[in-house]
Peer 1: 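Please find one structure pasted underneath; my questions will follow.
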Amino acid sequence: MRYGVRDVDWTADDKGNPIPTQQGRADTTIPWQYITQAPNALYFPTAPEYPQVMQDAEKAMLPFAQIDPTSTLYSNTFASKGSMLNQLVYNGVGEVVLGRQPASTIDQLIKDWRSQGGDQIRGEFEQAIAAASS
């Protein structure tokens with residue numbers, strides 16, 4: 001799923017790591033791996049210490065992980081307006097980060113997000129969480 005067929009889509013280097021062929025680069029551009037494959041292994045061919053470094057980092061971050069309580073729930077407004085509202089926030093915050101707008105514009109950005117659908121989304125997700133909990 002990730003590399004394709006050996007000797008067609010990839011060949012092995014002297015350590016056995018897959019090196020894509022020209023055909024492999026063409027055949028593996030469709031992201032089937034993200035739909036059908038298990039999570040990635042902690043592996044990087046030129047850095048043998050990578051798995052341990054990454055595993056240690058993941059263990060250190062785990063206590064701070066926040067699970068999104070809405071990830072398995074549905075909001076009609078989020079489905080119809082979520083992308084637009086996300087872009088509104090990304091653009092507004094980006095303008096502040098780039099110094100084109102003062103930080104004080106964030107208050108209006110939040111008001112705009114809320115009035116253009118954010119409050120509706122929040123309400124729908126709150127209802128869905130309550131329904132799922134009962």
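Values in this document were obtained by computation on a predicted structure and should not be read as measured data. Numbers here are sequence positions counted from 1.
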Peer 1: List the atom of P63, the atom of A60, and the distance in Å for their closest heavy-atom pair.
Peer 2: CD-O, 3.4 Å
Peer 1: Which residues pass the side-chain contact (heavy atoms from CB on, under 4.5 Å) test with K15, not counting sequence neighbours?
Peer 2: D13, N17
Peer 1: Under a plain distance cut-off of 3.5 Å, with no hydrogens placed, do D112 and Q108 share a side-chain donor-acceptor pair?
Peer 2: yes
Peer 1: Quick one: does any side-chain atom of D119 pair with a main-chain N or O of S115 as donor and acceptor, under 3.5 Å?
Peer 2: no
Peer 1: Under the 4.5 Å side-chain heavy-atom rule for ILVMFWY, direct or indirect, which residues accompany M84?
Peer 2: L73, F78, L85, L88, V89, V93, V96, V97, I106, L109, I110, W113, I121, F125, I129
Peer 1: N76: what forms a side-chain contact (heavy atoms from CB on, under 4.5 Å) with it, not counting sequence neighbours?
Peer 2: Y74, E124
Peer 1: If you draw a 6.0 Å radius around CD in E49, do more than 12 non-hydrogen atoms from other residues or ligands fall strictly inside?
Peer 2: yes
Peer 1: Once side chain to side chain donor-acceptor pair (under 3.5 Å) is applied, what residue pairs with a partner in residues 125-134 remain, sequence neighbours excluded?
Peer 2: R122-E126
Peer 1: Between the side chain of R25 and the main-chain N/O of P20, is any donor-acceptor distance below 3.5 Å?
Peer 2: yes
Peer 1: Hey, what else clusters with F44 if you join Ile, Leu, Val, Met, Phe, Trp, Tyr whenever side-chain heavy atoms sit under 4.5 Å?
Peer 2: L42, Y50, M54
Peer 1: Considering residues at least two apart in sequence or located in another chain, which fulfil the side-chain contact (heavy atoms from CB on, under 4.5 Å) criterion with Y90?
Peer 2: N86, Q87
